[in-house]
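Worksheet: one structure, shown below.
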Amino acid sequence: MKIALRNRATFMGVVIVMFFGYMILAAVFSLLLSSVQAGCGNAFRTDRSARDWTAFSRHRVFTSDVSPISFRDPLANTLVLALVTVFFSFLIGVPTPFP
């Protein structure tokens with residue numbers, strides 16, 4: 001570790017990775033936290049004050065009338081695309097190093 005940190009480029013790379021990692025993790029944590037807390041607009045619907053713990057957002061995502069359009073169908077499309085991509089990657093990538 002001492003040898004790696006002597007090089008300025010390595011040190012700068014480590015600092016940049018830590019910075020961008022923090023920025024990404026902070027955004028993801030904020031989104032996850034806001035999904036389990038009642039927001040200001042939903043406080044009157046849930047009979048709770050803002051920032052109280054609630055499952056209202058998850059309930060709306062899974063049971064609303066537009067749930068198939070806004071959540072389930074895009075999720076299914078994403079999963080199918082991911083599976084097809086992984087399948088073809090394995091189909092092409094596995095035989096390549098072992099002719």
Side-chain angles (χ1 to χ4, degrees):
M1 190 68 162
K2 285 182 180 180
I3 295 171
L5 290 179
R6 285 184 193 167
N7 189 357
R8 290 182 187 172
T10 304
F11 179 72
M12 193 166 56
V14 168
V15 170
I16 289 172
V17 165
M18 287 175 32
F19 174 74
F20 284 119
Y22 170 74
M23 296 302 285
I24 291 169
L25 289 176
V28 169
F29 181 73
S30 174
L31 285 171
L32 290 175
L33 190 61
S34 67
S35 72
V36 295
Q37 290 179 336
C40 296
N42 292 331
F44 69 94
R45 291 183 186 138
T46 59
D47 294 330
R48 296 180 184 260
S49 62
R51 301 292 178 198
D52 279 347
W53 297 100
T54 182
F56 178 70
S57 297
R58 286 188 309 277
H59 179 70
R60 278 183 51 191
V61 164
F62 293 114
T63 61
S64 106
D65 292 337
V66 294
S67 177
I69 297 168
S70 65
F71 178 69
R72 284 186 241 151
D73 291 346
L75 179 63
N77 292 338
T78 302
L79 292 175
V80 167
L81 183 63
L83 289 174
V84 169
T85 303
V86 168
F87 175 75
F88 281 114
S89 297
F90 276 123
L91 190 68
I92 295 169
V94 171
T96 303
F98 309 108

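Values below: every heavy atom of this structure, side chains too, minus hydrogens, waters and symmetry copies. Given the structure is predicted, the values throughout are model-derived calculations rather than measurements.
Hydrophobic clustering places Phe87 together with Val84 (ILVMFWY residues linked when any side-chain heavy atoms are closer than 4.5 Å, directly or through intermediates). No continuous path of ILVMFWY side-chain contacts below 4.5 Å connects Ile69 to Leu75, so the two sit in separate hydrophobic clusters. No chain of hydrophobic side-chain contacts below 4.5 Å, direct or via other Ile, Leu, Val, Met, Phe, Trp or Tyr residues, connects Val80 to Phe90. If you chain together hydrophobic residues whose side chains sit under 4.5 Å apart, Val15 and Phe20 never meet in one group. Tracing side-chain contacts under 4.5 Å through hydrophobic residues (I, L, V, M, F, W, Y), one reaches Ile16 starting from Met23; they form part of the same cluster.
Summarising the local packing, CG of Asp65 is surrounded by 12 or fewer heavy atoms from other residues, nucleotides or ligands at distances under 6.0 Å.
The main-chain N or O of Phe62 is found under 3.5 Å from a side-chain atom of Arg72 such that the two form a donor-acceptor pair.
Of all the heavy atoms in Pro68 and Pro74, the pair that sits closest is O-CD, 3.9 Å. Closest heavy-atom contact between Thr85 and Leu81: OG1-O, 2.7 Å.
Checked options Leu33, Leu31, Leu25, Leu32; the residue passing with Phe29 is Leu33 (criterion: side-chain contact (heavy atoms from CB on, under 4.5 Å)).
Note: Ser67 OG to Asp73 CG = 8.5 Å, rounded to the nearest 0.5 Å.
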